[in-house]
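Read through the structure below, which is laid out as structure tokens, and then see the notes.
Owing to the predicted nature of the structure, the values given are computational and were not obtained by experimental measurement. Ligands are counted one by one from 1 in listed order, and the atoms in each one are counted from 1 as well.
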Amino acid sequence: MRIVVLVSGTGSNLQSVLDAIDAGDLDIDIAAVGADRPDTYGVERAAAAGYETFVVNFRDYTVRADWNRALTEKVASYSPDVVLSSGFMRIVDEHFINTFAGRYINTHPALLPSFPGAHGVRDALAYGVKVSGCTVHIADAGVDTGPILAQAAVEVLDGDTEESLHERIKVQERRLLIETLRQLSTAGIPSIPQR
Ligand code: GRF
């Protein structure tokens with residue numbers, strides 16, 4: 001299975017995928033790692049590990065649809081079976097979604113459909129939930145919507161901050177992500193009816 005990974009930040013989840021590949025625990029081929037802005041640690045990590053990288057800088061485009069088109073073309077040029085959003089913090093449009101329909105996978109640090117959006121951990125904590133977690137799902141054109149592939153629950157502890165909770169969630173998120181990629185690479189992408 002050939003994948004392109006999109007990141008916007010530190011790429012610690014990406015690193016766990018790279019480590020799993022190195023350890024022989026995950027048999028997938030990362031065609032490239034790309035970002036929506038320059039100087040992300042995620043791209044730096046991938047380059048240091050010898051993977052091909054690219055940036056389609058959101059700020060280079062005045063029209064959002066043009067950025068979407070450029071990103072879609074760049075990702076498509078690697079002919080991926082799966083595109084993974086691993087902390088990619090931009091909403092992509094229908095052109096991108098339709099090009100990679102059913103094969104654009106996202107991870108989210110909350111139990112969807114609760115607490116979608118850029119601040120899932122903070123919002124769950126502010127709501128006062130006792131259990132949160134993470135979700136790996138097939139992304140559609142909405143914000144953190146689309147068929148769910150896997151979820152894990154994480155208990156919220158007294159005194160948790162956004163950072164402490166997110167770190168515990170990420171431990172589960174990495175495990176779930178690797179497990180899901182392993183399953184997709186062996187069994188293919190399940191066809192889950194859209195809700
Ligand atoms: C993950 O929790 C992801 O779900 C969220 O941002 C985090 C990415 O962290 N959208 P990293 O860049 O992999 O360290």
H137 side chain to T145 backbone, donor-acceptor under 3.5 Å: yes
message: Is the positively charged end of R90 above the ring of F58, judged by distance under 6.0 angstrom from the centroid and angle within 45° of the axis?
response: yes
Please determine whether any non-hydrogen atom of [X] lies less than 4.0 Å from an atom of ligand 1.
| X | result |
| --- | --- |
| Q15 | no |
| G11 | yes |
| V7 | no |

In terms of atom number and element, which parts of ligand 1 are under 4.0 angstrom from non-hydrogen atoms of [X]?
| X | result |
| --- | --- |
| S12 | 11 (P), 12 (O), 13 (O), 14 (O) |
| H166 | 1 (C), 2 (O), 7 (C) |
| H108 | 4 (O) |

message: Checking the N or O distance criterion of under 3.5 Å, is ligand 1 in contact with K170?
response: yes
Is the count of non-hydrogen atoms from other residues, nucleotides or ligands lying under 6.0 Å from [X] atom [atom1] greater than 12?
| X | atom1 | value |
| --- | --- | --- |
| D66 | CG | yes |
| E162 | CD | yes |
| D22 | CG | yes |

query: Which of the listed options, G87, G117, C134, holds the heavy atom that is closest to atom 8 (C) of ligand 1?
result: G87
field: Closest to atom 14 (O) of ligand 1 (judged by heavy-atom distance), picking from V5, T10, D144
entry: T10
- request: Classify the contact between E173 and ligand 1 as side chain, backbone, both or neither, using a heavy-atom distance cut-off of under 4.0 Å.
  value: side chain
message: I need the nearest protein heavy-atom contact for atom 13 (O) of ligand 1: residue, atom name and distance, please.
response: N13 N, 2.8 Å
message: Considering non-hydrogen atoms of the protein only, which is the closest contact for atom 5 (C) of ligand 1, and what is the distance?
response: P109 CD, 3.9 Å
Spatial distance of atom NE2 (H95) from atom CG (N68) [nearest 0.5 Å]: 8.0 Å
task: Measure the acute angle between the ring planes of F96 and Y104, then classify it against the limits of 30° and 60° as parallel, tilted or perpendicular.
output: perpendicular
query: Do the non-hydrogen side-chain atoms of V56 and Y61 ever get within less than 4.5 Å of each other?
result: yes
